[in-house]
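Working notes, structure below.
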Protein chains: 2
Amino acid sequence: MNVQNGSAAPEGGKARRIYLLLRDEIMGGTHAPGSALPGELRLAETHGVSRVTIRRALDALVGDGLVERRAGSGTVVRRPSTQPVQLRADFATLMPQLQRMADATTARLLSFAYVNPPAMVAEALNIAAGERVQRAVRLRLADDKAFSHLTTFVPENIAQSYSEADLASTPLFRLLERRGVRIGNAHQTVSAVLATPDTAEALETTVGAALIALTRVVYDSDGAGIEYLSALYRPDRFQLEMTLNRVGGSDDRHWEPVFGEAAQRTAK
Amino acid sequence: MNVQNGSAAPEGGKARRIYLLLRDEIMGGTHAPGSALPGELRLAETHGVSRVTIRRALDALVGDGLVERRAGSGTVVRRPSTQPVQLRADFATLMPQLQRMADATTARLLSFAYVNPPAMVAEALNIAAGERVQRAVRLRLADDKAFSHLTTFVPENIAQSYSEADLASTPLFRLLERRGVRIGNAHQTVSAVLATPDTAEALETTVGAALIALTRVVYDSDGAGIEYLSALYRPDRFQLEMTLNRVGGSDDRHWEPVFGEAAQRTAK
DNA sequence: GAAATTTGTATTTTAAAAGATACAGGATAG
DNA sequence: CTATCCTGTATCTTTTAAAATACAAATTTC
């Protein structure tokens with residue numbers, strides 16, 4: 001009745017749970033392409049369900065094109081035919097990265113309005129009670145595939161210093177700096193959340209899938225809140241990366257992040 | 001039959017899915033403590049299920065002590081009685097942080113063995129076919145509460161330069177550097193995954209919950225793989241943080257990570 | 001080539017979850 | 001005080017998922 005992707009994801013129940021789990025493991029690399037999954041009987045035991053249920057979960061994976069089944073042999077993880085789009089962003093230098101990324105990706109505005117800020121946002125930006133904020137929800141696509149769901153909150157008085165059109169052409173921070181706002185620092189937090197019905201739909205995934213959640217709060221030089229960003233990423237299409245170097249003398253050896261392009265080269 | 005936490009999490013099916021979702025939202029701050037959840041009827045519509053099903057999910061949340069229901073008034077998010085333990089680690093300087101953290105936390109060894117490396121690991125560490133690796137699975141607890149599930153892979157020849165006892169007292173990198181291994185750089189990736197039966201049990205959470213996944217590969221100065229770490233964190237008990245400063249002249253303004261203690265002070 | 005293992009298929013039974021519905025009772029807004 | 005909106009409770013029905021079971025067919029292993 002409610003088919004999500006094109007796949008035959010089980011509606012609810014254990015089969016669905018196991019489907020999500022296995023899918024997650026496969027896309028996360030736990031089961032490498034070409035390698036065989038544990039046998040159906042084994043899986044049934046591991047997850048404490050009957051073989052029939054495992055079977056239903058596997059059926060869905062086959063429907064997704066993630067695995068291939070060979071009678072008598074086993075179930076094997078398929079080599080993804082379409083290259084994993086896998087965008088990567090360096091966590092240490094996230095901002096400029098995102099900037100460059102903006103060129104290679106498309107954004108779609110899902111919603112735009114001035115609203116009363118959620119408690120979290122009001123607290124983080126230190127918004128006075130009753131004051132409103134501009135909320136914009138954007139979807140970012142690469143290669144016509146959605147990989148990130150962004151919700152930004154900007155205090156009303158700041159938001160009014162630019163138009164929607166401005167935003168389309170120029171990054172927010174440039175706009176603000178031109179207007180004399182002196183950006184001070186930003187604070188980022190990374191977490192993991194489950195896809196809700198709306199975010200799942202936007203990101204073309206399934207309710208209950210694991211998403212990377214990044215929260216960023218930007219302050220001006222006086223410590224006043226400028227922007228609150230809540231970003232959700234599909235882990236199979238986007239990943240946060242960072243390279244560290246071991247530096248210093250034998251007394252004070254420690255790690256130091258590698259910036260920008262160097263990080264890309266050092267990796268792998 | 002299979003109660004996970006002490007809560008009454010629905011076995012499978014939609015009620016469970018919605019329970020997980022709402023729980024995730026509450027713990028993630030979408031619904032601030034003290035604020036009311038959407039009405040049951042509204043929730044039923046949003047999630048496309050009947051009110052009874054929503055009700056079952058809410059029952060579980062009440063069982064967890066996450067929400068309080070008042071007849072006629074609504075369902076309200078409870079202020080957590082036990083302060084959120086919330087360990088925080090700075091992503092940029094993760095290593096020293098972890099070092100310091102080790103003092104305040106306990107580790108429990110769940111398994112220890114020499115095994116054939118999974119494909120992912122073999123590739124990342126550039127292990128020759130047939131060569132084995134030391135695999136150790138550890139659980140890290142703070143305040144008697146598990147917050148992280150660590151699996152490390154170290155090539156056999158390197159692992160043999162220290163004993164299990166050594167590891168208990170001294171961090172791996174110190175041990176290796178004393179043995180003449182010259183540590184070069186490390187590469188980290190952050191993602192999000194779902195809790196599987198085993199990781200869920202270890203982390204005292206529920207199958208299908210969202211977890212932060214951090215993968216780290218450490219190389220020596222010759223580029224040879226030294227350690228492959230796969231860490232899972234409970235997002236309600238651990239978070240990756242980072243503070244950035246806006247620096248540079250008007251021509252070349254960009255962001256730069258703030259290290260160590262400074263980051264802690266700047267935040268909030 | 002025989003034995004063991006693994007997936008494929010089918011049927012039936014059992015259990016669990018979800019839904020529909022109706023009404024009682026508390027809380028709040030006007 | 002009343003209309004309205006919420007949760008509380010109960011019952012019954014329907015639908016769906018899961019389990020149990022048996023056997024066939026393909027593959028690998030020895």
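Quantities reported herein were computed from a predicted structural model and do not represent experimental measurements. A note on names: the letters A, B, ... follow the listed sequences, proteins ahead of strands, and every chain is numbered from 1.
Salt bridge annotation for B:Glu204-B:Lys145: absent, with no cationic side-chain nitrogen under 4.0 angstrom from a carboxylate oxygen.
Distance A:Leu58 CG to C:dT9 C1': 15 Å, rounded to the nearest Å. Taking atom OH on B:Tyr19 and atom P on C:dA18, their separation rounds to 15 Å, with Å as the unit. The interatomic distance linking B:Glu68 (CD) with C:dG26 (C1') rounds to 15 Å, in whole Å. Atom-to-atom, CZ of B:Arg16 to C1' of C:dA16 comes out at 15 Å; the value is rounded to the nearest Å. Here D:dC6 presents its P atom at 14 Å from CD1 of B:Ile54, a figure rounded to the nearest Å.
When atom types are taken as modelled, the side chain of B:Arg135 and the backbone of B:Pro117 share no donor-acceptor pair closer than 3.5 angstrom. Within the 3.5 Å criterion, the main-chain N or O of B:Val62 finds no donor-acceptor partner in the side chain of B:Arg69.
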Using a 4.0 Å heavy-atom cut-off to protein, can you give one letter per nucleotide of nucleotides 22-30 of chain D, 5' to 3': B if the base is in contact, S if only the sugar-phosphate is, - if neither? ----BS---
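For the atom pair CG (A:Leu20) and CZ (B:Arg17), the distance works out to 9.0 Å, reported to the nearest 0.5 Å.
Contact check of residues 37-47 of chain A against DNA chain D (heavy atom, cut-off under 4.0 Å) returns no residues at all.
Taking 4.0 angstrom as the limit, B:Arg55 places none of its side-chain polar atoms (N or O) nearer than this to OP1 or OP2 of D:dT7. Residue A:Lys14 has no polar side-chain atom (N or O) positioned under 4.0 Å from OP1 or OP2 of C:dA16. When the side-chain nitrogen and oxygen atoms of A:Thr75 are compared with OP1 and OP2 of C:dT7, one or more of them lie within a distance under 4.0 Å.
Within a 6.0 Å radius of CG in B:Leu41, no more than 12 heavy atoms belonging to other residues, nucleotides or ligands are found.
Applying the side-chain hydrogen bond (donor to acceptor under 3.5 Å, both in side chains) test between A:Tyr19 and each of A:Asp64, A:Asp24, A:Asp59, A:Thr206 identifies A:Asp64 as the sole match. Of the residues listed (A:Gln134, A:Gln160, A:Arg132), the one engaging A:Tyr114 in a side-chain hydrogen bond (donor to acceptor under 3.5 Å, both in side chains) is A:Gln134, and it is the only one.
Counting heavy atoms from C-beta outward, B:His31 and B:Val67 have side chains that stay 4.5 Å or more apart.
Nearest to the side-chain atoms of B:Arg69 among the listed nucleotides C:dT21, D:dT7, D:dA18 stands D:dT7.
Between A:Phe238 and A:Phe147, the ring planes lie parallel to each other; the angle is under 30°, not in the 30° to 60° tilted range.
One donor-acceptor pair, N or O on each side, does fall under 3.5 Å between the base of C:dA18 and the side chain of B:Arg56.
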